[in-house]
Amino acid sequence: VQLQASGGGLVQAGGSLSLSCAAPGSIFNFKWMGWYRQAPGKQRELVARISSSGATNYADSVEGRFTIPRDNAKNTVTLQMNSLKPEDTAVYSCNTWLPSISWGQGTLVTVSS
């Protein structure tokens, strides 16, 4: 099983993007879900996570700019990214937290200055 992220693209600094990820109910319903990113030359990092009951945590670098709503009826988790910065440029992927599923391709987000 792999989770496919979608919604990436090229955006100017200050702009917004919304990423989406769908997961099988057997995984989604009982797990913390997370969005991760990997910038060129850097290790993958957790950007945001959300519990099955809606508790959230964010990396300091995105706090106040990103949100991670989830739709338990549709088994989807979104990463709403606002006020994007060039340093947000990365491949974004979704997974459980802690990661327990093979990584998918992810979706590339490029923020131009």
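The figures that follow rest on heavy atoms only: side chains count, while hydrogens, waters and symmetry mates do not. Positions are given from 1 along the sequence.
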Worksheet entry | side-chain contact (heavy atoms from CB on, under 4.5 Å) partner of Met81, the single match among Val111, Val109, Ile68, Val11 | Val109
Would you say the side-chain atoms of [X] pair up with the backbone N or O of [Y], donor to acceptor, closer than 3.5 Å?
X	Y	answer
Tyr58	Arg65	no
Arg70	Ser51	yes
Asn57	Arg49	no

Shortest non-hydrogen contact from [X] to [Y]?
X	Y	value
Ala55	Trp32	O-CZ3, 3.6 Å
Leu84	Leu17	CD1-N, 3.9 Å
Trp35	Val77	CZ2-O, 3.6 Å
Ser113	Pro86	CB-CG, 3.9 Å
Asn95	Leu3	CA-CD1, 3.8 Å
Val91	Gln105	CG1-O, 3.6 Å

If we ignore angles and hydrogens, is there a donor and acceptor under 3.5 Å between the side chains of [X] and [Y]?
X	Y	result
Arg37	Ser61	yes
Asn82	Ser16	yes
Arg44	Tyr36	no

Worksheet item: OG/Ser112 to CD/Gln12 distance, rounded to the nearest 0.5 angstrom?
Response: 5.0 Å
Worksheet entry | From Ser93 atom OG to Gln4 atom CD, the distance as rounded to the nearest 0.5 Å | 9.0 Å
